[in-house]
Amino acid sequence: MASLNVGNLGDYLREQRRNAQLSLRQLADAAGVSNPYLSQIERGLRKPSAEVLQQVAKALRISAETLYVRAGILDEQERDELETRAVILADPSINERQKQVLLQIYESFRKENGLDSVNGSTGADGSVSTFEDTTADGPRTAGAGDADEKTE
């Protein structure tokens, strides 16, 4: 895990707060944290938890993952993967089965390119689908092609 760069995080939070035209007190109230604590985070004196970062991100209406990256909790590649999965899962124009298939295809391309998943393909229902093995034709899901195998 990357080391926490709270100075960089604090500067970024201050910039985002000013862009949102919020006072320190207004943001602290909206995020449900104390004014002095938020001030200490902005000055790089405190290391906020992921939960606090999520609350601040929600109050600022920015991505929590962006704050996690700034804080060193999440690396850039993990954030990109999580955001891609979130967009797929949130798309109202495709059904759940289509979302799962799309996530499996996405995962197979990541594996083909040598990128491991952060935590498998997570479905809208919280289920996790991962590829069990790879054939010469590419990855296959567990159970795919099992009908061709003879059991004795």
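Please read these numbers as outputs of a predicted model, since none were measured by experiment. Numbering of residues begins at 1 and proceeds along the displayed sequence.
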Could you tell me the separation between the [atom1] atom of [X] and the [atom2] atom of [Y], rounded to the nearest 0.5 Å?
| X | Y | atom1 | atom2 | value |
| --- | --- | --- | --- | --- |
| Asn19 | Leu60 | CG | CG | 9.5 Å |
| Tyr106 | Glu81 | OH | CD | 5.0 Å |
| Ile73 | Ser49 | CD1 | OG | 7.5 Å |
| Leu38 | Leu13 | CG | CG | 7.0 Å |
| Ser63 | Leu53 | OG | CG | 11.0 Å |
| Ile105 | Arg110 | CD1 | CZ | 15.0 Å |

Shortest non-hydrogen contact from [X] toward [Y]:
| X | Y | result |
| --- | --- | --- |
| Leu67 | Ala57 | CD1-CB, 3.6 Å |
| Ile94 | Ile88 | CD1-O, 4.2 Å |
| Ala71 | Leu9 | CB-CD2, 3.9 Å |
| Arg17 | Leu24 | NH1-N, 3.4 Å |

Does a salt bridge link Lys99 with Glu96, judged by any charged N lying under 4.0 Å from a carboxylate O?
->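 Glu96 and Lys99: salt-bridged.
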Does [X] reach the side chain of [Y], with side-chain heavy atoms less than 4.5 Å apart?
| X | Y | value |
| --- | --- | --- |
| Leu89 | Leu103 | yes |
| Val69 | Tyr12 | no |
| Glu107 | Arg85 | yes |

Who pairs with Arg14 by salt bridge (Lys or Arg N to Asp or Glu O under 4.0 Å), at least two apart in sequence or on another chain?
->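 For Arg14, the residues satisfying salt bridge (Lys or Arg N to Asp or Glu O under 4.0 Å) (neighbours in sequence not counted) are Asp11, Glu42.
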Phe109 backbone acceptor or donor facing Glu112 side chain under 3.5 Å |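 Not at all, since once roles are kept as given, no pair shorter than 3.5 Å links the two residues.
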Any donor-acceptor N/O pair, Gln100 side chain to Arg97 backbone, under 3.5 Å =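 Judged by distance alone, no pair lies under 3.5 Å.
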How far apart are the C-alpha atoms of Ser39 and Arg43, what are their side-chain angles, what is the distance that settles it, and do they pass the side chain to side chain donor-acceptor pair (under 3.5 Å) test?
-> CA-CA 6 Å; Ser39 175; Arg43 290 181 287 141; 3.2 Å; yes
Within 6.0 angstrom of Gln54 CD, more than 12 heavy atoms from elsewhere =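 Not more than 12 within 6.0 Å, no.
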